[in-house]
Amino acid sequence: MSTEEEINKIKAFNEWMKESHVNAYKHESIDIKYISKESGLGGLLTDNLIASDDNEITLLSIPLSICLNFRNMSDTFKEFVKYLEELDKNFTIEEKNVKEDELNSIQWKGTNMFENRLIIFYLFLIYETFINKENSKYFPYLNLLPKIFNTSIYFNEKELLELKGTNLLKSTISIKEKLNKIYTQKVYNLLQNIPFFTDIKEIFTFERFCWAFSCVWSRVFPITYAINNQTSNITTEIVPTLLPVVDILNHKFNSKITYKTENETFYLNCRENLQKGQEVCNNYGAKSNDSFLLSYGFVMRENPEDSLYVQIGMMGNAEGSFTNNDSSSSLVKSLVEMKKSYLRENQLVLGHYLKKNKIPEEFFQTLRICVMEEDEFYFVKNKTMEEHLELRKLQKEYNSSYFFSIKNEYNMLMNLKLLFNQKKLQLVPTTIEEDENLLNNNDLDYNMRNILIYRIGQKKIIEFVLNEINLRLSKLLGENQSYIYLEDNNIITDNNLDILKNYTFIENNCNKFNIVLKDNYFKLHTSNTINENELLFTINLNNLINFNNISKTVFYSFIEKAKELEQNRMSVNDEDELILDDAMTIMLFIIVECFSQKYRTGQFEMFFKDLKSISFSPLIMISNKILENELDGFSLLDEVIGTKSSLRHCFKQVLYLLKQIGFTDEEGIFTMENYLFAYVVFDLFNIGNDTLLPIPAIPQYLQFKFEFTEENVHVKSICEIPSKVELTFSLLSFIKSIDDLMIRYGPQFIDKSIILTQCKFPIEVDIESIQSLITKEKLQLLNQFKNNNFCHYLKFGQDIYKLKEMFGILYLEDIQVLQYIQYPDLKLQLDKQTVKLVKHTVQNLLSGILHGFETTIEEDTKIIQSSTNKALEMIIYYRLIMKQLLEYALRE
């Protein structure tokens, strides 16, 4: 029911519309009413309306001359804009940049809602409403504006807590902070220093400033005005405008409404039949619930346009170039910059709006580029995304489970899964069902109801994305895993050989697989088909190797003292890198459990006994002397030596801390050899959250996932696994780099048949040797041709065009370089002499590398045939493949 005061306000407004200086129009069938406390004003139909796409009916109209915006406000207030502009000039460059970054994020139709003209316009609204009052020509309209709003910037602290982890909370806090900064830094200054405000400044409170902003923010229309701009070609601007009469209508999804401006009048037209008694509605556009709640103060249940905005991060070398030459490094793009450039050129953006039941493929394509490693991006960037798609269509058979590579797809999906699991954890920890039950409570207030509807929508989108990720992971891993079929190899599962039976703490065992020791490692054999998402077994958290369980042991008392000492030193020296973190603590625990008689707990005795029965042989556990003899000239040698050096440095610091707190290694267990063993075990059996699953083999199979609950970890299959097969580690060879597998894992986990497709040989061109060829212009041209670093990669099946192109550009005459820069669409064309010179240079470069090795391809082949050492054999096989890559490139 409308109160008498409300009825009188509407009556005055209706009379005001008819006044000659207003001359507004309202269809005779529309009756302005208060719809409800939450909806405020609206229009109800007193008769049927007949309209269509071909026969539009004007519902409301208003001359632009009576509209409210910064162009129509009084000259007095227009002068105040100049004061704020002068105030801006007093800011330092740094302050200006900060303010632009802070304020430009609040955009509407490309307009900064905190630009100086709008700030003054908000003050103008306050003046007209609360000071000029009845003397204002706008007062009947202003008097109808709501005095309070249900938008999220008006939520109390308790209500804001219910928005935890949402984009809406971030936006709400951001706007509130910006309103406060604008008021304290600009408005307050103006009120104190402009004589006009001397006697009335107490009227312009922060609360009223927020009110004025909300009036515009919730009711604004985009009106285009012509401008006279002599400094640019821009002839029009969009001005945020309040349209009396027109803005009384509430929102309805899919309401057929048309806006048009004609003869300096704004019209709101209807294109559909409407029934008597129906509320006639505007259409605010296809918006998500966070936009509705932030701008208008309502949400739509089951909003088909509800979305979750996701900003994708970029992975890559942010430090920049591959060259150490100071004169050129600033011109050589970093991997991150190159990726961003590639995304821009292919119209791919980092920010995406995801809807329930709809994830745009462009989202996945963007993320594939973002997570792509340098060596793969080297080949991908040579073609546009459209060319990659066309090439894919031309292939008679292609694997639909991935786009660029198995590794890239897996990394993309796992990064995405991590991102959305984090988003899920950041929200209020209630389930969708719990929120829906809360929503059915009739005692809920309006704001809380809106919050729950919004929050449920966000959680449903997150659940949908996670389900889509799991479907794609299942397809990827299921279609690209290789198996050894047990029947074909006369291998049978034997329960007496099953290692798993000794792990009595396992619960809910599906009894469809065994773990056996074979070829110096543990292998999983299936006896029945394991279905997608099937529970293999459950383990209580108390039976996992993690920090919580370690902290209960006797040896941890020493670690605790050492941690306290380290933290004290960090606070004094202002350092932020903790050596004795949870991961290091677990590695020390592994050393104690495997090699100590004095401090071992024996809790995981079976697990560590099984591990010590096999021989780990990743490169970090092989002596530097052997590595230098066998890998001299390969980048892998530098990588493994660097890794070992870093690990040795960390371990020495740990030993020093233990010594400082009085611990004596009487048993001699804290050796570098034992630490490397612990490091490898930690890497192999870590299932996330710095938690080790103390069961052989399982963590190394990528087909399994580990779901943590408050009390347990549930081990489930990601994809279907056939009956009577032995699982191989082929997926590891696809997803991990060969270098990483050799350094941290060892030959047990490398599938030789996959190395040929995965190996890449890095060719790092020595800058000093070609310094005389390098000019600023040539570097610019290299960037122009996306050939903007001096590291190239060889790969079977790929040509060495980019390497030849680089030398081709470096051998160009200066005048030719300038011509290509001036005409960037020109394709690189080299004369015969330059082509011959490039060919000769590349041949010398590659053959020089190949002939620099101590052994030939034939000699390496013979060594492999006679080798009995698996680790050494894998090293020789690796260098053999790399040499064959060089030979392949030379033939090209």
Side-chain angles (χ1 to χ4, degrees), residues 165-167 288-290 301-313 351-368 370-371 399-403 406 408-437 439 452-481 510 529-536 538 687-689 701-709 712-721 731 735:
T166 64
N167 290 334
S288 63
N289 276 341
D290 49 5
R301 200 162 185 172
E302 300 300 329
N303 182 357
E305 298 300 325
D306 207 10
S307 64
L308 170 65
Y309 180 76
V310 178
Q311 181 76 18
I312 301 172
H352 291 263
Y353 290 91
L354 306 184
K355 296 181 181 179
K356 187 175 66 175
N357 303 326
K358 184 178 181 182
I359 306 176
E361 189 58 33
E362 292 80 8
F363 175 67
F364 293 111
Q365 293 291 35
T366 300
L367 195 57
R368 288 182 182 112
C370 287
V371 304
N399 193 323
S400 61
S401 67
Y402 62 89
F403 191 83
I406 297 171
N408 176 252
E409 197 75 12
Y410 181 80
N411 287 339
M412 181 270 289
L413 292 172
M414 293 305 288
N415 273 279
L416 197 55
K417 189 172 186 177
L418 177 63
L419 172 66
F420 276 84
N421 276 325
Q422 288 173 342
K423 286 187 175 295
K424 186 176 180 179
L425 290 172
Q426 289 166 357
L427 298 175
V428 172
T430 51
T431 64
I432 293 173
E433 293 73 20
E434 287 170 340
D435 280 350
E436 287 176 337
N437 288 335
L439 191 57
L452 283 171
I453 292 171
Y454 165 69
R455 199 166 74 194
I456 290 168
Q458 297 295 285
K459 288 180 179 179
K460 285 184 175 179
I461 294 170
I462 290 172
E463 285 301 312
F464 171 73
V465 175
L466 286 171
N467 287 336
E468 178 66 20
I469 293 168
N470 287 333
L471 287 173
R472 291 183 179 232
L473 269 175
S474 175
K475 182 178 175 66
L476 177 72
L477 301 179
E479 292 186 8
N480 297 289
Q481 169 65 52
C510 70
T529 299
I530 298 174
N531 300 314
E532 179 184 335
N533 207 40
E534 183 172 355
L535 177 67
L536 275 71
T538 299
I687 59 172
N689 303 326
Y701 288 114
L702 300 177
Q703 298 93 328
F704 302 134
K705 58 184 176 180
F706 310 96
E707 296 180 354
F708 287 80
T709 66
N712 301 302
V713 167
H714 302 293
V715 181
K716 295 182 177 180
S717 60
I718 294 177
C719 56
E720 182 180 293
I721 302 171
L731 284 173
I735 290 164

I would like to know whether Lys355 and Ile461 meet side chain to side chain contact (heavy atoms under 4.5 Å, CB included); could you show each step before the answer?
CA-CA 6 Å; Lys355 296 181 181 179; Ile461 294 170; 5.6 Å; no
Walk me through it: do Asn408 and Phe403 pass the test side chain to side chain contact (heavy atoms under 4.5 Å, CB included)?
CA-CA 8 Å; Asn408 176 252; Phe403 191 83; 5.9 Å; no
What verdict does the salt bridge (Lys or Arg N to Asp or Glu O under 4.0 Å) test give for Lys716 and Glu534, after you've listed the backbone C-alpha separation in whole Å, the side-chain angles of each residue and the deciding distance to 0.1 Å?
CA-CA 5 Å; Lys716 295 182 177 180; Glu534 183 172 355; over 6 Å; no
Take Glu433 and Lys459 through the test salt bridge (Lys or Arg N to Asp or Glu O under 4.0 Å) and record every step on the way to the result.
CA-CA 11 Å; Glu433 293 73 20; Lys459 288 180 179 179; over 6 Å; no
When you look at Ile687 and Val713, which way does the side chain to side chain contact (heavy atoms under 4.5 Å, CB included) test go after all the steps?
CA-CA 10 Å; Ile687 59 172; Val713 167; 4.2 Å; yes
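Between the side chain of Gln703 and the backbone N or O of Glu720 there is no donor-acceptor pair closer than 3.5 Å. Formation of a donor-acceptor pair under 3.5 Å by the Asp306 side chain with backbone atoms of Asn289 is found in this model. Under a 3.5 Å cut-off, the side chain of Asn167 and the backbone N or O of Tyr309 do form a donor-acceptor pair. Although no hydrogens or angles enter the test, the distance criterion places a donor-acceptor pair under 3.5 Å between the side chain of Ser717 and the main chain of Asn531. In this structure a side-chain-to-backbone donor-acceptor pair under 3.5 Å is missing from Glu409 to Ile406.
When all heavy atoms of Met414 and Leu473 are compared, the closest pair comes out as SD-CD1, 3.8 Å. Smallest separation of non-hydrogen atoms from Arg472 and Phe364: NH2-CE1, 3.3 Å. Residues Lys424 and Ile462 come closest through the heavy atom pair CB-CG2, 4.0 Å.
Atoms CD1 and CZ, on Ile469 and Phe464 in that order, are 10.5 Å from each other to the nearest 0.5 Å. In this structure, the separation between CD1 on Ile721 and CD1 on Ile530 is 4.5 Å, given to the nearest 0.5 Å. Taking CE of Met412 as the start and CD1 of Ile312 as the end, the distance is 9.5 Å to the nearest 0.5 Å. Here the CG-NZ distance, from Asn533 to Lys705, works out to 4.0 Å after rounding to the nearest 0.5 Å. The CZ atom of Phe706 lies 9.5 Å from the CG atom of Leu536; values are rounded to the nearest 0.5 Å. Rounded to the nearest 0.5 angstrom, Gln311 CD and His352 NE2 are separated by 8.5 Å.
Within the 4.5 Å cutoff, the side chain of Tyr701 has no heavy atoms near those of the Ile718 side chain. Proximity of Leu427 to Thr166: side-chain heavy atoms (C-beta onward) are separated by under 4.5 Å at one or more points. Side-chain contact check for Leu413 versus Asn470: every heavy-atom pair is 4.5 Å or farther apart. Looking at Gln422 and Leu425, their side chains never come closer than 4.5 Å, going by heavy atoms from C-beta outward. Side-chain contact between Arg301 and Leu439 is present, with heavy atoms from C-beta onward closer than 4.5 Å. Put simply, the side chain of His714 reaches to within 4.5 Å of the side chain of Thr709, judged on heavy atoms. Between Phe363 and Leu354, some side-chain heavy-atom pair lies under the 4.5 Å cut-off.
Contacts of Leu419 classified as side-chain contact (heavy atoms from CB on, under 4.5 Å), with partners at least two apart in sequence or in another chain: Val310, Leu416, Lys423. Every salt bridge (charged side-chain N to carboxylate O under 4.0 Å, His left out) that Glu479 has, sequence neighbours left out, goes to Lys475. For Lys417, the salt bridge (charged side-chain N to carboxylate O under 4.0 Å, His left out) test picks out no residue, with sequence neighbours left out.
When the options Asn415, Leu477, Leu731, Asn480 are evaluated for a side-chain contact (heavy atoms from CB on, under 4.5 Å) with Tyr410, the one that passes is Leu477.
Side-chain contact annotation: Asp435 with Thr430, donor-acceptor N/O pair under 3.5 Å present. Counting only N and O atoms by type, the side chains of Gln365 and Arg368 include a donor and acceptor under 3.5 Å apart. For the 3.5 Å distance criterion, the side chains of Glu532 and Ser474 qualify, holding a donor opposite an acceptor.
Heavy-atom contacts from other residues, nucleotides or ligands closer than 6.0 Å to OH of Tyr353 number 12 or fewer.
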